[in-house]
*Asks:* 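Mind having a look at this structure? Questions to follow.
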Amino acid sequence: STLREQISDKNYYMGDDCIEITQSDEKALAIFENGKKQESDLIIVANGIKSDLRSYVDKNACPQYAGYVGWRGVVQEEEISQKSLDVLSKYFIIVLPFNQQICVYPIAGEGKNPFKIGQRRINWIWYKPVPSNSLKKILFGKSGKQYEDGIPPDEIRVEVVNELFKEAEKKLPPQIVELVKQTKQPLIQPIFDLESVKMKNGRIVTIGDAAFTARPHVGMGVTKAAMDAFSMSEALDNKNCLKTLNIWEKNRLNVGKFIVNRSRELGKYLSLPKKKSDLIMPDVQDVLKDTAISLHDISNYKKYERLQ
């Protein structure tokens, strides 16, 4: 990739897992599984929501299951009937069955004309409440292995997928039913989020999903990580960078908390309520308006922006 090409092989270690970090007032030390050790001024932990290294910065930050899953799938436009394609290829679609949400939209295809109608793909994600005890059953694989927080697509049992198709026929418009049933291999994404109270501990920092993971509704994963990195680069361009990083940490904690709380607000009707009467479904127009928009278009973000 373009980014990878900027880093020499001397400084890019493939297949080496960092298993331990130590630090002193002067240096930080990364220790790898193969015994290699790398000394540096600063260690940046950026290996996602499942990071084991996050504990060197924030011991108490752990992923929290949101109480629902996202079923996902992608279908080539050429595999969809023209009648359904007339709807699915032209719009960003949201449907709100009770206690659920499904989003459908076209994405680029493959080959020479990836944006030409008929050669693109239609992507869908269907959020459905699944309590923790039921999640365990869904994540029991064909091989007999019990998975914990996700499952390889080829391990999803046929009966689980067939139940999804039956529910689609009952709850979704016919065009989306066709889309879901045309999906060769639906995927399951249990929805987790993560919130940290620290992003810096001496010469060790966390960024991206290793520090804060929001639910998918805000569409902020890549943007937030890029903002973490860019603002950090500005903080490091200072002779007193460790002190400057304290200010950076305060700012990024504020933004991270805001984004995670925003995603929880947008997904609050997707986990199973104690009583059906307690659940208030949003208006679909409001959901469309609030889905994956710029931070600066969110009115109450301005007070966080002033802290930057």
*Asks:* Any donor-acceptor pair under 3.5 Å linking the side chain of Gln76 with the backbone of Arg121?
*Replies:*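 Judged by distance alone, no pair lies under 3.5 Å.
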*Asks:* Side chains of Val75 and Leu88, heavy atoms from C-beta outward: is any pair under 4.5 Å?
*Replies:* no
*Asks:* Just wondering, are more than 12 heavy atoms of other shown residues or ligands nearer than 6.0 Å to CG in Asp25?
*Replies:*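 Atom CG in Asp25 is not crowded, with 12 or fewer foreign heavy atoms closer than 6.0 Å.
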*Asks:* Using only atom types and a distance under 3.5 Å, with no angle test, would you say the side chain of Ser51 pairs donor to acceptor with the backbone of Arg54?
*Replies:*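 At least one qualifying donor-acceptor pair exists.
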*Asks:* One pair to check against side-chain contact (heavy atoms from CB on, under 4.5 Å): Leu236 and Leu42. What are the steps and the verdict?
*Replies:* CA-CA 10 Å; Leu236 293 176; Leu42 184 72; 3.8 Å; yes
*Asks:* Can you see which heavy atom on Ile151 is nearest to which on Gly141, and at what distance?
*Replies:* CD1-CA, 3.9 Å
*Asks:* The test is side-chain contact (heavy atoms from CB on, under 4.5 Å); show your working for Lys181 and Glu169 and say whether it passes.
*Replies:* CA-CA 9 Å; Lys181 295 181 75 172; Glu169 291 174 345; 2.5 Å; yes
*Asks:* Looking only at side-chain N and O atoms, does Gln38 offer a donor or acceptor that is under 3.5 Å from a partner on Tyr13?
*Replies:* yes
*Asks:* For a quick check under 3.5 Å, do Glu265 and Asn261 share a side-chain donor-acceptor pair by atom type?
*Replies:*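 Per modelled atom types, Glu265 and Asn261 side chains form no pair under 3.5 Å.
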*Asks:* Please say whether more than 12 non-hydrogen atoms of neighbouring residues, nucleotides or ligands are located less than 6.0 Å from NZ in Lys142.
*Replies:*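 Yes, because the 6.0 Å sphere around NZ of Lys142 holds more than 12 heavy atoms from other groups.
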*Asks:* Assess the residue pair Leu172 and Trp124 against the criterion (side-chain contact (heavy atoms from CB on, under 4.5 Å)); give the C-alpha distance rounded to whole Å, side-chain angles, the decisive distance to 0.1 Å, and a yes or no.
*Replies:* CA-CA 12 Å; Leu172 302 179; Trp124 60 272; over 6 Å; no
*Asks:* Answer yes if the side chains of Gln189 and Arg72 hold a donor-acceptor pair under 3.5 Å, and no otherwise.
*Replies:* yes
*Asks:* Distance from Ile204 atom CD1 to Leu53 atom CG, nearest 0.5 Å?
*Replies:* 9.0 Å
*Asks:* Minimum heavy-atom separation for Glu77 and Pro106, please, with both atom names.
*Replies:*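 Looking at all heavy atoms of both residues, the shortest contact is OE2-CB, 4.5 Å.
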*Asks:* Can you say whether the rings of Tyr127 and Tyr68 are parallel (under 30°), tilted (30 to 60°) or perpendicular (over 60°)?
*Replies:*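 Ring orientation of Tyr127 relative to Tyr68: perpendicular.
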*Asks:* Quick one: CD on Glu249 to CG on Asn251, what's the gap to the nearest 0.5 Å?
*Replies:*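 Rounded to the nearest 0.5 Å, the CD-CG separation comes to 10.0 Å.
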*Asks:* Within the side chain of Glu39, is there an N or O that forms a donor-acceptor pair under 3.5 Å with the backbone of Lys37?
*Replies:* no
*Asks:* Using the rule that two of Ile, Leu, Val, Met, Phe, Trp, Tyr join whenever any of their side-chain heavy atoms come within less than 4.5 Å, decide whether Phe92 and Ile102 are in one cluster.
*Replies:*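 The answer is no; the residues belong to distinct hydrophobic clusters.
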*Asks:* What verdict does the salt bridge (charged side-chain N to carboxylate O under 4.0 Å, His left out) test give for Arg264 and Glu195, after you've listed the backbone C-alpha separation in whole Å, the side-chain angles of each residue and the deciding distance to 0.1 Å?
*Replies:* CA-CA 11 Å; Arg264 289 170 178 167; Glu195 186 173 353; 3.1 Å; yes
*Asks:* To the nearest 0.5 Å, how far apart are NZ in Lys289 and CG in Asp286?
*Replies:*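 Those atoms lie 5.0 Å apart.
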*Asks:* Are Glu155 and Ser143 close enough that some pair of their side-chain heavy atoms sits under 4.5 Å apart?
*Replies:*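 The answer is yes; the side chains approach within 4.5 Å.
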*Asks:* Can any side-chain N or O of Asn34 pair as donor or acceptor with the backbone N or O of Lys36 at less than 3.5 Å?
*Replies:*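 Yes: the side chain of Asn34 pairs with the backbone of Lys36.
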*Asks:* Under a 3.5 Å distance rule, please check whether Asp193 uses its side chain to pair with a backbone N or O of Arg215 as donor and acceptor.
*Replies:*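 No, the answer is negative, given that no donor and acceptor are paired below the 3.5 Å cut-off.
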*Asks:* Linking I/L/V/M/F/W/Y whenever their side-chain heavy atoms sit closer than 4.5 Å, directly or via other members, would Val284 and Leu279 fall into one cluster?
*Replies:*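 Yes, because Val284 and Leu279 connect within a single hydrophobic cluster, where side-chain heavy atoms sit under 4.5 Å apart.
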*Asks:* May I ask you to say whether Lys224 pairs ionically with Asp209, meaning some side-chain N is under 4.0 Å from a carboxylate O?
*Replies:* yes
*Asks:* Taking the side chain as everything from C-beta on, heavy atoms only, tell me whether Leu194 gets closer than 4.5 Å to Val260.
*Replies:* no
*Asks:* Which pair of non-hydrogen atoms, one from Ala210 and one from Ala46, has the smallest distance, and what is that distance?
*Replies:* CB-CA, 4.3 Å
*Asks:* Taking Arg203 for its side chain and Gln23 for its backbone only, find out whether a donor-acceptor pair lies under 3.5 Å.
*Replies:*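 A pair under 3.5 Å: no.
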*Asks:* Donor-acceptor check, side chain of Glu33 to backbone of Ile19, threshold 3.5 angstrom: yes or no?
*Replies:*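 No; zero donor-acceptor contacts below 3.5 Å.
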*Asks:* Is it the case that over 12 heavy atoms from other parts of the model lie below 6.0 angstrom from the CZ atom of Phe98?
*Replies:*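 For Phe98, atom CZ is crowded (more than 12 foreign heavy atoms under 6.0 Å).
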*Asks:* Tell me, do Ile191 and Pro216 make a side-chain contact under 4.5 Å, heavy atoms counted?
*Replies:* yes
*Asks:* Between the side chains of Glu79 and Lys184, is the shortest nitrogen-to-carboxylate-oxygen separation below 4.0 Å, so that they form an ion pair?
*Replies:*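 Counted as a salt bridge, because a side-chain N and a carboxylate O are separated by less than 4.0 Å.
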*Asks:* Could you grab the distance from atom NZ of Lys257 to atom CG of Asn254, nearest 0.5 Å is fine?
*Replies:* 6.5 Å
*Asks:* With a cut-off of 6.0 Å (strictly less than), are more than 12 heavy atoms of other residues, nucleotides or ligands near CD1 of Ile280?
*Replies:*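 No, because the 6.0 Å sphere around CD1 of Ile280 holds 12 heavy atoms or fewer from other groups.
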*Asks:* Does Arg157 make a cation-pi contact with Phe140, if we ask for NZ or CZ under 6.0 Å from the ring centre and within 45° of the axis?
*Replies:* no
*Asks:* Looking at CD1 of Ile156 and CD of Gln185, how far apart are the two atoms once the value is rounded to the nearest 0.5 Å?
*Replies:* 5.0 Å
*Asks:* Decide side-chain contact (heavy atoms from CB on, under 4.5 Å) for Leu164 and Lys128; before the verdict, give the C-alpha distance in whole Å, the side-chain angles of both, and the deciding distance to 0.1 Å.
*Replies:* CA-CA 10 Å; Leu164 180 78; Lys128 291 158 37 62; 4.0 Å; yes
*Asks:* Could you check whether any side-chain N or O of Arg262 sits under 3.5 Å from a backbone N or O of His217, counting only pairs where one atom can act as donor and the other as acceptor?
*Replies:*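 Checked: no pair found.
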*Asks:* Taking the side chain as every heavy atom from C-beta outward, state whether Pro190 and Leu139 have any atom pair closer than 4.5 Å.
*Replies:* yes
*Asks:* So, for Glu26 and Asp41, which heavy atoms are closest and what is the spacing to 0.1 Å?
*Replies:*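 Minimum heavy-atom contact is O-OD1, 4.3 Å.
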*Asks:* Taking all non-hydrogen atoms of both residues into account, name the closest pair between Lys200 and Asn246 and its distance.
*Replies:* NZ-OD1, 3.0 Å
*Asks:* Evaluate the side-chain proximity of Ile207 to Trp248: yes if any heavy-atom separation is below 4.5 Å, no if none is.
*Replies:* yes
*Asks:* When hydrophobic residues are tied together by side-chain contacts of less than 4.5 Å, even through go-betweens, does Ile49 share a cluster with Met227?
*Replies:* no
*Asks:* For the residue pair Asp149 and Phe192, establish whether any side-chain heavy-atom pair is separated by less than 4.5 Å.
*Replies:* yes
*Asks:* Identify which one of Met220, Met199, Arg252 satisfies the side chain to side chain contact (heavy atoms under 4.5 Å, CB included) criterion when paired with Phe212.
*Replies:*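 So the option named by the test is Met199.
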*Asks:* Show the nearest heavy-atom pair for residues Ser40 and Ile43, with the distance to one decimal.
*Replies:*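 The pair with the smallest heavy-atom distance is OG-CG1, 3.5 Å.
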*Asks:* When rounded to the nearest 0.5 angstrom, what is the spacing between CG in Asp228 and OG1 in Thr206?
*Replies:* 8.0 Å
*Asks:* Short question: side chain of Glu178, backbone of Pro174 - any donor-acceptor pair under 3.5 Å?
*Replies:*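 No, the answer is negative, given that no donor and acceptor are paired below the 3.5 Å cut-off.
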*Asks:* Between Leu270 and Val180, is there shared hydrophobic-cluster membership here, with clusters defined by ILVMFWY side-chain heavy atoms closer than 4.5 Å?
*Replies:*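 The answer is no; the residues belong to distinct hydrophobic clusters.
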*Asks:* For the backbone of Ser233 and the side chain of Asp237, can you confirm whether one donor and one acceptor N or O come within less than 3.5 Å of each other?
*Replies:*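 No.
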*Asks:* Tell me whether Val161 shares a hydrophobic cluster with Val177, the cluster being built from Ile, Leu, Val, Met, Phe, Trp, Tyr side chains joined at under 4.5 Å.
*Replies:*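 Hydrophobic grouping puts Val161 with Val177.
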*Asks:* Is the shortest side-chain heavy-atom distance between Trp71 and Val130 below 4.5 Å?
*Replies:* no
*Asks:* Any pair with a residue in residues 88-100 that passes side-chain hydrogen bond (donor to acceptor under 3.5 Å, both in side chains), sequence neighbours left out, goes on the list, sorted by first then second residue, please.
*Replies:* Gln100-Trp126, Gln100-Glu167
